[in-house]
Protein chains: 2
Amino acid sequence: MNERNHISIREAIRGRITDGEWAPGAMMPGETDLAEEYGCSRTTVNRALQKLAEDGLIERKRRAGTRVREIPSRQAKFRIPILRHEIEAAGGAYSSRVAFRETLKAPGFIQSRLRLATGARVLRLHTVHLSDGQPYAFEDRWVNIKAAPGVVDAPFDIISANEWLVREVPYSSGDVRFSAMAAGQIEAQALATSLGAPLFTVERTTWLRDLYITTTKLCYRPGYHMRTEL
Amino acid sequence: MNERNHISIREAIRGRITDGEWAPGAMMPGETDLAEEYGCSRTTVNRALQKLAEDGLIERKRRAGTRVREIPSRQAKFRIPILRHEIEAAGGAYSSRVAFRETLKAPGFIQSRLRLATGARVLRLHTVHLSDGQPYAFEDRWVNIKAAPGVVDAPFDIISANEWLVREVPYSSGDVRFSAMAAGQIEAQALATSLGAPLFTVERTTWLRDLYITTTKLCYRPGYHMRTEL
DNA sequence: CAGTGGTCTAGACCACCAG
DNA sequence: TGGTGGTCTAGACCACTGA
């Protein structure tokens, strides 16, 4: 703990903040002072403080100095893994079943969500993901065929659409929404649950610059929860 | 864009990855090579690459070098704001109503969740958060009185419990769970919705080292979704 | 055991902005 | 306008680990 690396120093300072050495809103010593106190270079202190700022514990401004945030804006991070990995990490045996697969002209809401030209064709895919043979999540996916031509012939009985796309089609950005929805006919049947059951739902849309690739809605089985730490 | 700062270089490299210059799984040039190519010091390249690794785009190992991840493990980040700020940021007028407030001996599941001694006392609080007078979320909170003695007299009609705790009681760590649940009697009434409606739910437990402070369950009104970008 | 990334240093200059 | 944080540099040493 008396080491002079940026991690030790960061955690030491974090401790002094949570111990209340500097009250919320109070000014902290400047980088130069802290560097002297810890016997390290200002660069190292800077690195420690930048991380604390990123974590939402402190606020930094040029000229104004560093102060403890009045209201710590802690941030939660989620890795969004491939479903197969998520299931296997939990000790389950992964399998999947394609329940529906069809290419068609994009309906209006998909056309607008994927910024498609009128009449553009898309692949629609319903997949049930299973853990140890039990339904785990139901996926309703739309793929822009123009963005991923190979998708029409991809062997989705062997590799899941998500995994195939992630490997074959690069993407630069994405949008994610978490919500709760009531199971409809299709979801209830796929997940072997009752109509109206509350399902934790993740909707994702991904694109590469101007080219929208896919949008997907993933409904998890009842009782599922997503966990992280602050 | 031809600047030699770590951000430009990071984004330039990110572009070369999404453009497929290096295939998934392929080795990338070493830091020294990239530094020469971009005409900057190795330190700057290192900083750019560390960020890309944190973003899950590349994998780095000593001796083995840097390679593009086979499956990019993009990570989503959420700031978890004070509910009042969330509502105000959306343009609503925030208000809250304490529906229930009582100190009592902790029931078993709370005693275990907050690591309490047998017979420890807790404050239980039901709060309805409103936006423009409409129910926005329902909060069921338990506070360890030993960890926050002032809580029994705190003016929760003026300041929300979350905000009060964040200001008054420092915490070091937390645990967050997202899920979907069906509205029970209490939630349905508080949120003016129907029994069984699917509610997006956030459960949080926070502690300071060994001292567990509070655990809370926040049920959002139907239709709520939490959004972020990848 | 050699080569990669991880880190620290001392010094320098700059951008910003509160006083 | 002066003091703060933001950043870059060149050089150095170290830790790790794959060949």
Side-chain angles (χ1 to χ4, degrees), chain A residues 1-17 21-70 72-73 75, chain B residues 1-17 21-70 72-73 75:
Chain A
M1 271 306 177
N2 289 333
E3 300 171 56
R4 298 188 314 173
N5 61 43
H6 70 99
I7 297 177
S8 309
I9 292 173
R10 184 218 303 156
E11 294 313 315
I13 296 176
R14 191 198 299 277
R16 293 168 75 177
I17 292 172
E21 177 170 337
W22 305 294
M27 291 290 305
M28 289 175 56
E31 296 187 348
T32 316
D33 295 337
L34 287 169
E36 191 178 354
E37 179 178 345
Y38 285 104
C40 67
S41 72
R42 185 168 80 88
T43 312
T44 304
V45 170
N46 180 278
R47 187 165 180 183
L49 292 180
Q50 292 224 4
K51 176 66 172 161
L52 292 177
E54 190 192 322
D55 288 352
L57 233 67
I58 61 179
E59 268 177 325
R60 323 191 71 205
K61 278 186 199 162
R62 288 171 152 116
R63 168 76 193 181
T66 301
R67 58 177 67 242
V68 180
R69 288 188 77 120
E70 296 270 0
S73 149
Q75 96 180 337
Chain B
M1 272 309 171
N2 290 333
E3 300 171 56
R4 298 186 315 175
N5 62 43
H6 69 99
I7 297 177
S8 308
I9 292 173
R10 185 218 303 154
E11 294 313 316
I13 296 176
R14 190 197 298 277
R16 294 168 73 177
I17 292 173
E21 177 168 339
W22 304 295
M27 292 290 305
M28 289 174 53
E31 296 187 349
T32 315
D33 295 336
L34 287 169
E36 192 179 353
E37 179 178 345
Y38 285 104
C40 66
S41 71
R42 184 167 81 89
T43 312
T44 303
V45 170
N46 181 277
R47 188 165 178 184
L49 291 180
Q50 292 224 5
K51 176 64 172 161
L52 291 176
E54 189 193 322
D55 288 351
L57 232 66
I58 60 178
E59 267 176 327
R60 323 190 69 204
K61 276 185 199 163
R62 287 169 152 117
R63 168 72 195 182
T66 301
R67 57 178 67 242
V68 179
R69 286 188 77 121
E70 296 270 0
S73 149
Q75 94 180 341

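Letters go in sequence order (proteins before strands), and every chain restarts at 1.
Legend: residues meeting salt bridge (charged side-chain N to carboxylate O under 4.0 Å, His left out) with A:Arg62, ordered by chain and number and at least two apart, are absent. When the side-chain contact (heavy atoms from CB on, under 4.5 Å) test is applied to B:Thr32, the partners found at least two apart in sequence or on another chain are B:Arg42. Partners of A:Glu70 by side-chain contact (heavy atoms from CB on, under 4.5 Å), not counting sequence neighbours, listed by chain and number: A:Pro24, B:Arg167. Checked against salt bridge (charged side-chain N to carboxylate O under 4.0 Å, His left out), A:Asp33 has no partners two or more places apart in sequence or in another chain. Not counting sequence neighbours, the partners of B:Glu21 by the side-chain hydrogen bond (donor to acceptor under 3.5 Å, both in side chains) test are B:Arg16. With sequence neighbours excluded, the residues forming a side-chain contact (heavy atoms from CB on, under 4.5 Å) with A:Arg67 are A:Met27, A:Glu59, listed by chain and number. Taking B:Arg60 as the reference, B:Glu31, B:Asn46, B:Leu49, B:Gln50, B:Ala53, B:Ile58, B:Thr66 meet the side-chain contact (heavy atoms from CB on, under 4.5 Å) condition, with sequence neighbours excluded.
B:Ala48 and B:Ile9 get closest at one heavy-atom pair: CB-CG2, 4.2 Å.
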Sort me out a list of protein N/O and nucleotides 17-19 of chain D N/O pairs below 3.5 Å, or just none if empty.
none

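Regarding A:Arg67, its CZ atom lies at a distance of 13 Å from the P atom of D:dT4, rounded to whole Å.
Atom CZ of residue B:Arg10 and atom CG of residue B:Asp55 lie 7.0 Å apart, to the nearest 0.5 angstrom.
For the contact set between residues 23-43 of chain A and DNA chain D, defined by any heavy atom under 4.0 Å, the members are A:Gly30, A:Glu31, A:Arg42.
Atom CD of A:Glu36 has 12 or fewer heavy atoms from other residues, nucleotides or ligands within 6.0 Å.
Bounding nucleotides for the chain B contact on DNA chain C, 5' to 3', at a heavy-atom distance below 4.0 Å, are C:dA2 to C:dT7.
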